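Predicted model, so just to flag it, every value in this text is computed and none were measured. Heavy-atom basis, side chains included; hydrogens, waters and symmetry copies ignored.
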Amino acid sequence: MVNPAEVAEINTYFQNRMAESKKIWATRGKDARVAAAAARLAQPASWRQLSGIPLMIHEVKHVGNRPFMVGFAVCAVGALWIQTKFTDEMREGSLYWSTFHGDGKKGGH
């Protein structure tokens, strides 16, 4: 009917299940939560605990974000360069600038 190899396989399966269940049961309860929190504090901080400037610096350093950061830097430098070249004569000739930043009178067009 059932050979000894099948019985050994079934017993091994249930022993593994019991060990897994005991491991799960050990993670329950107040003492286990305190131990898990202490273990988490003993480990180095993950990027998930970062916020603000440290998180931004971490993301800039990440290899996957390098193409985005190069594009962002090019756009930022380009915008700064264009802004420094925007002279007073250009401002006077700009419909947008004269309407919203100048004397408030709309130019005729």
Side-chain angles (χ1 to χ4, degrees):
M1 296 209 167
V2 179
N3 62 18
E6 290 178 348
V7 171
E9 182 183 350
I10 292 170
N11 284 338
T12 310
Y13 171 76
F14 281 117
Q15 286 173 353
N16 290 340
R17 286 278 311 264
M18 184 55 104
E20 196 173 316
S21 293
K22 285 183 180 180
K23 189 168 74 172
I24 291 170
W25 295 336
T27 62
R28 295 182 179 162
K30 184 177 181 181
D31 296 334
R33 285 194 304 274
V34 169
R40 249 191 327 272
L41 289 176
Q43 294 175 350
S46 166
W47 66 269
R48 293 174 187 258
Q49 281 80 37
L50 297 175
S51 64
I53 300 296
L55 178 61
M56 189 173 74
I57 291 170
H58 170 78
E59 289 297 329
V60 167
K61 290 180 182 178
H62 196 274
V63 174
N65 293 335
R66 292 239 170 97
F68 169 75
M69 292 313 301
V70 168
F72 185 77
V74 167
C75 289
V77 168
L80 285 172
W81 183 75
I82 290 172
Q83 191 173 6
T84 59
K85 301 295 178 189
F86 197 56
T87 62
D88 290 332
E89 294 82 28
M90 292 172 137
R91 287 184 182 124
E92 289 173 6
S94 168
L95 178 63
Y96 172 81
W97 186 269
S98 63
T99 302
F100 296 104
H101 299 285
D103 56 6
K105 297 177 184 173
K106 292 190 177 191
H109 58 101

Would you list the atom pairs, donor with acceptor, under 3.5 Å between side chains in residues 5-14 and any protein atom, with sequence neighbours excluded?
unit_1 : atom_1 : unit_2 : atom_2 : d
N11    : ND2    : V7     : O      : 3.4
T12    : OG1    : A8     : O      : 2.6
Y13    : OH     : R17    : NH1    : 3.0

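Smallest separation of non-hydrogen atoms from A32 and A26: CB-O, 3.2 Å. Considering every non-hydrogen atom in both K85 and M90, the closest pair reads O-SD, 3.4 Å.
Remark: D88 pairs with R91 by the salt bridge (Lys or Arg N to Asp or Glu O under 4.0 Å) rule, at least two apart or across chains. For R33, there are no salt bridge (Lys or Arg N to Asp or Glu O under 4.0 Å) partners at least two apart in sequence or on another chain. With sequence neighbours left out, the side chain to side chain contact (heavy atoms under 4.5 Å, CB included) criterion links S51 to no other residue. With sequence neighbours excluded, the residues forming a side chain to side chain contact (heavy atoms under 4.5 Å, CB included) with I53 are M56, I57, listed by chain and number.
In F72, the CZ atom is not crowded: 12 or fewer heavy atoms of neighbouring residues, nucleotides or ligands sit closer than 6.0 Å.
Applying the side-chain hydrogen bond (donor to acceptor under 3.5 Å, both in side chains) test to residues at least two apart or on different chains, the pairs with a partner in residues 54-83 are E59-N65.
Cluster membership for V60 and L55, using ILVMFWY side-chain heavy atoms within less than 4.5 angstrom, is not shared.
Annotation: the span from M18 atom CE to N16 atom CG amounts to 12.0 Å, rounded to 0.5 Å. Residue T99 holds its OG1 atom at 4.0 Å from CG of L95, rounded to the nearest 0.5 Å.
One N or O on the side chain of Q49 and one on the backbone of S46 form a donor-acceptor pair closer than 3.5 Å.
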